[in-house]
Amino acid sequence: MESASLCAAGKDTIFQAATNLEEAAKLVLSGNQVASWGSKTKKPCNCTRSQCLKLYCDCFANGDLCNNCNCSNCYNNTEHGLERFKAVKACLDRNPDAFQPKIEKGKTGDVTPRHHKGCNCKRSGCFKNYCECYEAKITCSSVCKCVGCKNVKSLDFKSLMNMQCYLDSRSINLFCISGEVVEATCACLLAQAEEAEKEGCSTCLAEHRIIEEFGKCLTQILHPKV
DNA sequence: GAGTTTGAAACT
DNA sequence: CAGTTTCAAACTC
């Protein structure tokens, strides 16, 4: 029984290693093609210490060879194929998804792309290019572990005016919603925030839940009987 | 352009 | 797996 499971585990390990090796070979080959074609326009890197063989290097992380970069002591080229292959394999051993795109398209029917791993920003508020989500021009999601996130969906003035046009057609004035309604809405949002805090949700997730709650409140205002 | 800040990746 | 270090890009002055 135990030896059987050990055997299965061994098989898995070998299979994973083989997969990584195959993936590494593919990446090395694709990199060679990019270098020889030289057609792909990409941002040049400026690496000095990583030899462009670690994921710190954008070229390497994207599976590209360095081409017209400003890097020094670069090994991410055809002359150092073996070193590059070893580096790719080492990355894949650490993380089999290391060379997968970080931004995944939303599931079928969901048009919102999101960061695969999410960000971990603490000081930028996810509102500067330090944040991988912000840099990719997408909002943070529930997979993010960021603190003080400002990179969330928000209503802009145009959306608000469009909403008012819709409400006008129904003789509802968004800007004249009674104090009672505002108070009730705030109470709902506060309750949602407290619940999120009690459940230990991340700031980002809590914000998402509050926004969702706000959406529900708006629906209630527009369709009081629903 | 030099120095600082930032967060991902790598390392321990 | 958490804490620390290294790294290169983003940012500020």
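In what follows, every heavy atom counts, from backbone to side chain, and hydrogens, waters and symmetry copies are set aside.
In terms of position along DNA chain C, the nucleotide closest to A:Tyr56 lies nearer the 5' end than the nucleotide closest to the other residue of the pair A:Tyr56 and A:Pro44.
Rounded to a whole Å, the OH atom of A:Tyr130 is 13 Å from the P atom of B:dT4. Remark: P of B:dC11 and CG of A:Leu55 are 10 Å apart, rounded to the nearest angstrom. Separating the NZ atom of A:Lys122 from the C1' atom of B:dT6 is a distance of 11 Å, rounded to the nearest angstrom. Atom P of nucleotide C:dA9 and atom CZ of A:Phe60 are separated by 15 Å, given to the nearest angstrom. We find that CZ of A:Phe127 is positioned 18 Å from C1' of B:dG7, with the value rounded to whole Å. The NZ-P distance, from A:Lys150 to B:dT6, rounds to 12 Å in whole Å. For the pair A:Asp93 CG and B:dC11 P, the computed distance is 12 Å after rounding to whole Å. Here the C1' atom of nucleotide B:dA8 and the CZ atom of A:Arg123 are 16 Å apart, to the nearest Å.
Distances shown here put a side-chain N or O of A:Ser50 below 4.0 Å from the OP1 or OP2 atom of C:dA8. Side-chain N/O atoms of A:Ser124 include one lying less than 4.0 angstrom from OP1 or OP2 on B:dG7. Look at A:Lys128 and you won't find any side-chain N or O under 4.0 angstrom from OP1 or OP2 of B:dT4. Listed pair A:Asn129 / C:dA9 fails the phosphate criterion, with no side-chain N or O lying under 4.0 Å from OP1 or OP2.
Just one residue in the list A:Cys71, A:Cys47, A:Cys69 forms a side-chain contact (heavy atoms from CB on, under 4.5 Å) with A:Cys59, and that residue is A:Cys69.
Hydrophobic clustering (ILVMFWY, side-chain heavy atoms < 4.5 Å, transitive): A:Tyr134 and A:Ile138 are in distinct clusters.
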Test A:Val143 against A:His116 for side chain to side chain contact (heavy atoms under 4.5 Å, CB included), laying out the working first.
CA-CA 8 Å; A:Val143 293; A:His116 190 253; over 6 Å; no
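The side chain of A:Glu132 lies closest to B:dA8 when the candidates are B:dA8, C:dA9, B:dC11. Relative to the side chain of A:Arg49, the nucleotides B:dA10, C:dC7, B:dT6 differ in distance, and C:dC7 lies closest.
A:Cys52 is listed as a side-chain neighbour of A:Cys45, based on a closest heavy-atom distance under 4.5 Å.
Between A:Phe99 and A:Phe60, the ring planes are perpendicular. Angles over 60° get that label, and only those under 30° would be called parallel.
Within the 4.0 angstrom heavy-atom criterion, only backbone atoms of the sugar-phosphate kind lie near A:Lys102; the bases stay farther away.
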